[in-house]
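Beneath this line is the structure, given in structure tokens, with notes to follow.
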There are 2 protein chains.
Amino acid sequence: MPSPRRIGAPDAKNRTVLLDAAEKVMLEYGYAAVSSRRVAEQAGLKPQLVHYYFVNMDELLEEVFRRRADQGLEMQRKALASPQPLWALWRFSSDPSGVALTMEFMAMSRHRPALRKLLADYSERFRRDQADAIEVLLDRYGVAHEDFPPVVASVLTTSLSRVVVMEESLGFTLGHAETIERVERWLTAVEGEWGSPKR
Amino acid sequence: MPSPRRIGAPDAKNRTVLLDAAEKVMLEYGYAAVSSRRVAEQAGLKPQLVHYYFVNMDELLEEVFRRRADQGLEMQRKALASPQPLWALWRFSSDPSGVALTMEFMAMSRHRPALRKLLADYSERFRRDQADAIEVLLDRYGVAHEDFPPVVASVLTTSLSRVVVMEESLGFTLGHAETIERVERWLTAVEGEWGSPKR
DNA sequence: GTCTATAATCAGATAGAC
DNA sequence: GTCTATCTGATTATAGAC
């Protein structure tokens with residue numbers, strides 16, 4: 001009943017090479033281009049090796065996501081513990097390749113139940129970490145937020161950064177400067193200029 | 001030099017059937033599933049007919065986008081001319097299939113220059129129409145907006161509705177209720193409850 | 001003007017070689 | 001434990017039949 005095919009060790013060097021290659025292909029050409037052949041070509045390996053290290057293409061994609069998402073959670077934690085946490089969060093959320101990969105995975109997930117579950121779970125962790133940190137920070141800065149739950153600030157940050165970065169990648173920027181200016185003006189008011197913390 | 005292949009008339013019945021089928025496949029299975037075979041199957045036609053009516057798959061995709069985007073612009077105009085224009089805009093922007101298709105096209109566009117240009121052009125028209133209408137409406141409602149340009153309201157509306165709808169399609173809704181509540185509370189304040197205009 | 005038979009290429013996956 | 005030869009089917013596209 002179980003797949004009789006043997007699978008390469010999780011820590012084998014070529015496995016990592018293939019994961020890196022898959023991520024690069026996805027970023028550069030989109031998820032639809034992540035075929036065993038293209039990934040192998042990018043990795044400088046034979047296409048069949050993809051099927052040696054991963055039971056199927058879905059598993060490869062899931063591993064790419066998991067690896068990157070774990071890195072992201074860690075980076076976000078560092079950002080939220082930095083001297084200007086809200087600024088750092090805004091900048092982290094506006095990272096073009098992070099946004100691009102997230103969008104690829106979201107589009108892809110709509111019809112892959114396993115991947116969708118994975119995305120939903122990680123999204124929840126990202127938002128929860130953000131909301132928890134924002135709550136502490138607003139209190140520390142003395143910003144009233146009885147009628148502005150921290151989780152709403154998290155949704156807002158994610159929404160604005162994602163859409164602005166996505167649109168920018170299309171070469172469409174109408175309204176971006178005005179929007180970003182307002183976000184950054186607020187950030188400066190509570191945390192000082194980016195790079196020179198208030199306290 | 002030019003393609004010697006003959007192409008079916010733009011108003012032929014089967015051409016429309018194929019466009020409908022392509023849109024449906026895209027919505028249900030994602031852009032990567034829009035192959036001549038799947039589209040033809042959905043349309044109840046032979047795969048080769050796709051290549052008779054469209055020079056290639058990219059052209060088919062472009063036509064699907066153009067058709068839907070034109071419909072969308074028209075629907076948005078109607079929404080913005082309705083008795084509760086801001087409510088109508090919010091609801092229009094939160095249409096799940098509209099958002100899903102937009103996301104598919106955005107993901108797809110990252111590496112198809114022709115499609116990207118098309119998307120950027122239409123995005124600009126959507127935003128401009130929104131910003132222009134919002135400006136008139138805020139004045140009419142007596143909402144001060146010296147420091148809140150209408151185009152920022154447009155960016156905000158698009159960002160929030162898109163991300164919330166996308167996340168919902170993943171089954172991830174943390175913070176949505178709180179966010180939507182605040183948007184709708186504001187809409188109610190300026191235009192009355194949805195369905196019962198203030199004036 | 002509309003559609004089909006068929007070529008050329010590319011995909012995922014596996015059994016088996018080293 | 002690592003990799004390859006190879007099968008099977010899908011995909012785009014064209015040349016040509018009705």
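Numbers restart at 1 for each chain; the letters A, B, ... are given by sequence-line order, proteins then strands. Basis for what follows: all heavy atoms, side chains included, without hydrogens, waters or symmetry-related copies.
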> C:dA13 P sits how many Å from A:Tyr53 OH, rounded?
Replying inline: 18 Å
>> What is the distance, to the nearest angstrom, from the NE2 atom on B:His51 to the P atom on D:dG16?
In response: 18 Å
> Would you say B:Lys78 has more than 12 foreign heavy atoms packed within less than 6.0 Å of its NZ?
Replying inline: no
>> Output the rounded distance in Å from OH (A:Tyr52) to P (C:dG12).
In response: 20 Å
> With sequence neighbours left out, what residues match A:Arg116 under side chain to side chain donor-acceptor pair (under 3.5 Å)?
Replying inline: none
>> Run the side-chain contact (heavy atoms from CB on, under 4.5 Å) test against A:Phe92 and tell me which residues pass, sequence neighbours left out.
In response: A:Met75, A:Gln76, A:Phe126
>> Less than 4.0 angstrom between a side-chain N/O of A:Asn14 and OP1 or OP2 of D:dC3, yes or no?
In response: yes
> To the nearest Å, how far apart are A:Leu18 CG and C:dG12 P?
Replying inline: 13 Å
> Mind checking what makes side-chain contact (heavy atoms from CB on, under 4.5 Å) contact with A:Asp132, not counting sequence neighbours?
Replying inline: none
> Along nucleotides 6-11 of chain C, 5' to 3', which nucleotides get a B, which get an S, and which get a -, given that the test is a protein heavy-atom distance under 4.0 Å?
Replying inline: B----B
> Can you check the B:Lys46 NZ to D:dT11 P distance for me, whole Å?
Replying inline: 17 Å
> Taking CG from A:Leu49 and P from D:dG1, how many angstroms apart are they, rounded to a whole number?
Replying inline: 16 Å
Show the atom names and distances, to 0.1 Å, of all donor-acceptor pairs under 3.5 Å that link a side chain in residues 23-46 of chain A to residues at least two apart or in another chain.
residue : atom : partner : partner atom : Å
A:Glu23 : OE1  : A:Arg67 : NH2          : 3.4
A:Glu23 : OE2  : A:Arg68 : NH1          : 2.8
A:Ser35 : OG   : A:Arg38 : N            : 3.2

>> Can you pull out every ring-ring contact (aromatic ring centres under 6.0 Å, His included) where at least one residue sits in residues 170-192 of chain A? Sequence neighbours excluded, please.
In response: none
